Protein chains: 2
Amino acid sequence: MKPLKTYILEDQIGHILRRVSQRHSGIFTSQMPSDLTPTRFAAMAKLLECGPLSQNELGRLSAMDIATIKGVVDRLRVRKMVDSKKDPTDARRQLIKLTAKGERVIRAAIPDALEVTKQTVDPLTKAESKQLLKLLSKLQ
Amino acid sequence: MKPLKTYILEDQIGHILRRVSQRHSGIFTSQMPSDLTPTRFAAMAKLLECGPLSQNELGRLSAMDIATIKGVVDRLRVRKMVDSKKDPTDARRQLIKLTAKGERVIRAAIPDALEVTKQTVDPLTKAESKQLLKLLSKLQ
DNA sequence: CTGTTCTCGTTTGTATACTAACTATATATT
DNA sequence: AATATATAGTTAGTATACAAACGAGAACAG
C-alpha cells in the first residue's frame, strides 16, 4: 500500500530557508545603519576587498544577477558610496569603486556586520553553527 | 595584540543563506508550472490544508507579511486560483478560499514540490539533510 | 576586412518583502 | 453611550530578484 503524500509546508527546506532568511534580515536591519541593506553591504564589502570592479564582476562576486546589481550600484551611487568611470581598455565597461565616504562607511560597518552574524547563529552552539555552515555550503 | 577583523563575505551565514535560497528558487522555477511561484504555492498549500482563511491568518501561517500576502492573493485571484467573500461575522475580514481550479492545480503540483525539496537536498546524505533541517529549525 | 558571436550593460515587466500611514470595523473600558 | 484600543485590510514607497529583449562594443573566424 502506497503511503499518502501529505505536504507539510513547515517541513520543506524552501519554506524553512525563507523563514531563516527573514529572521536574518530582521537582525541585519535592526543592527545596521538604515541605508545599508544586506545587498548594498555585500557589494561594498566586495569592493573593499577587491578594489574597483566592473558591474559584471561585482555582481558575480557578490552573487547578484546583472539586473539586480545594476539597481544596487545605482542606489549606492545616489548615496555617494561609490562612483564609476569608463574602463579605458573596454568602452562597454564601467569600473565601480568606493568613494572616500563609502570606504569610511563600510569599514565602520564591518564590526556591526560580524555582530549580525553572531546574533543570527546565537541559538546554536559553536559546534552546531560550524556544522550548519558546512552543510549549507554544500548546497550553494 | 588584537587580531585583525577581516570580513569574508563568503563565510557569513547571511550570504550563504542567500545563495542557497537562490539555488532552491532556481530548482523550483525549473520544476514547477510557470504560474506557481514558491510563495503562491505556499499560500495555496496552506489553503488546501486548512480550508478558507482570512488574509491575515493565511499570511501568518505561510510566513508572509500582510502587505506581501495581499499581493500574492491578488495575483492568485487574477489567475482564478482563489476567490474571496466577506466574512459574515466580521465585516473587516475577507475569507480566502481555493477555487475548484485552484484545488486541482495545487493537488497536481504537490508531487512536483516534493521533488523540488528532494533535488534541493540532493548534495547531502539523508542524515546530513535531517541534521540540516534540525539546525535550521532552531534559527526560525 | 567582414561578418558572426560573445560580452557588458540597460531597460521593461513581474514578483516577492517590508515599512509606514491610512481607513474601517470590533472590542474593551469607563 | 462615548472613548480608547486593537485588528483587518489597503495603499504607497523602497529594495531585492530574475527573465527577456535590446544596443553597443569586443573578439574571433574566415
Side-chain angles (χ1 to χ4, degrees), chain A residues 14-15 17-30 32-44 53-60 62-79 81 84-96, chain B residues 14-15 17-30 32-44 52-79 81 84-96:
Chain A
H15 186 74
L17 280 171
R18 203 158 62 80
R19 300 207 44 182
V20 175
S21 297
Q22 283 171 351
R23 177 166 165 274
H24 172 263
S25 119
I27 294 172
F28 190 101
T29 303
S30 73
M32 305 287 280
S34 69
D35 61 347
L36 271 188
T37 62
T39 47
R40 296 221 273 255
F41 179 87
M44 290 175 73
L53 295 170
S54 77
Q55 251 181 227
N56 241 303
E57 292 167 331
L58 180 55
R60 265 197 306 279
S62 44
M64 287 177 237
D65 185 271
I66 53 158
T68 301
I69 195 71
K70 180 180 190 304
V72 173
V73 167
D74 285 351
R75 285 182 289 272
L76 285 174
R77 202 179 353 237
V78 166
R79 284 165 179 79
M81 299 292 193
S84 59
K85 56 169 203 243
K86 289 258 172 200
D87 182 330
T89 72
D90 186 337
R92 293 168 306 178
R93 291 192 178 198
Q94 294 270 113
L95 277 178
I96 316 291
Chain B
H15 186 74
L17 280 171
R18 201 159 62 80
R19 299 205 47 182
V20 175
S21 298
Q22 283 172 353
R23 176 166 167 277
H24 172 263
S25 118
I27 293 172
F28 191 102
T29 304
S30 73
M32 305 286 281
S34 69
D35 61 349
L36 271 189
T37 63
T39 48
R40 296 220 273 254
F41 178 87
M44 291 175 72
L53 294 169
S54 76
Q55 248 179 231
N56 241 302
E57 292 167 331
L58 180 55
R60 264 196 308 278
L61 291 171
S62 47
M64 287 177 236
D65 184 272
I66 54 159
T68 301
I69 195 71
K70 181 183 191 303
V72 173
V73 167
D74 284 351
R75 286 182 288 274
L76 285 174
R77 203 180 351 239
V78 167
R79 284 164 180 78
M81 299 293 193
S84 58
K85 57 166 200 247
K86 289 257 171 201
D87 182 330
T89 73
D90 186 337
R92 294 170 305 180
R93 292 192 178 198
Q94 294 270 115
L95 277 178
I96 316 292

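Note: hydrogens, waters and symmetry copies are ignored here, and every other heavy atom, side chains too, is used. In what follows, chains are A, B, ... by sequence order, proteins preceding strands, each numbered from 1. Given the structure is predicted, the values throughout are model-derived calculations rather than measurements.
- Shown are A:Asp87, A:Asp90, A:Thr89, A:Leu53; of these, the side chain to side chain contact (heavy atoms under 4.5 Å, CB included) with A:Leu95 is made only by A:Asp87.
- In this structure, the side chains of A:Thr29 and A:Met32 stay at 4.5 Å or more apart for every pair of heavy atoms.
- In this structure, the side chains of B:Arg79 and B:Arg40 come closer than 4.5 Å at one or more pairs of heavy atoms.
- We find that CD of B:Glu57 is positioned 12 Å from C1' of D:dT7, with the value rounded to whole Å.
- Computed from coordinates, the A:Arg92 CZ to C:dT10 C1' distance equals 14 Å when rounded to whole Å.
- At the phosphate of C:dC8, OP1 or OP2 sits under 4.0 Å from a side-chain N or O atom of A:Arg93.
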*Base, backbone or nothing for each nucleotide of nucleotides 11-22 of chain D, written B, S, -, heavy atoms under 4.0 angstrom, 5' to 3'?*
B---SBBBB---
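- Straight-line distance from the CG atom of B:Asp35 to the P atom of C:dG13: 21 Å, rounded to whole Å.
- Spacing between atom CD1 of B:Ile69 and atom P of D:dT10 amounts to 11 Å, rounded to whole angstrom units.
- A straight line from CG of B:Asp87 to P of D:dT7 spans 17 Å, rounded to a whole angstrom.
- Protein atom NE2 of B:His24 is 15 Å distant from nucleotide atom C1' of C:dT16, rounded to whole Å.
- A:Ser54 approaches A:Ile96 most closely through the heavy-atom pair C-CG1, 4.4 Å.
- Note that CG of A:Asp65 is 8.5 Å distant from CD of B:Gln22, once rounded to the nearest 0.5 Å.
- If you take CG of B:Leu53 and P of D:dG9, they are 11 Å apart, rounded to a whole angstrom.
- B:Gln55 has a side-chain polar atom (N or O) that falls below the 4.0 Å cut-off from OP1 or OP2 of D:dT10.
- B:Arg18 approaches A:Ala63 most closely through the heavy-atom pair NH1-O, 3.3 Å.
- Computed from coordinates, the B:Leu58 CG to C:dT16 P distance equals 13 Å when rounded to whole Å.
- Here A:Asn56 reaches the OP1 or OP2 of C:dG9: one of its side-chain N or O atoms lies under 4.0 Å away.
- No side-chain heavy atom of B:Val73 sits under 4.5 Å from any side-chain heavy atom of B:Gln94.
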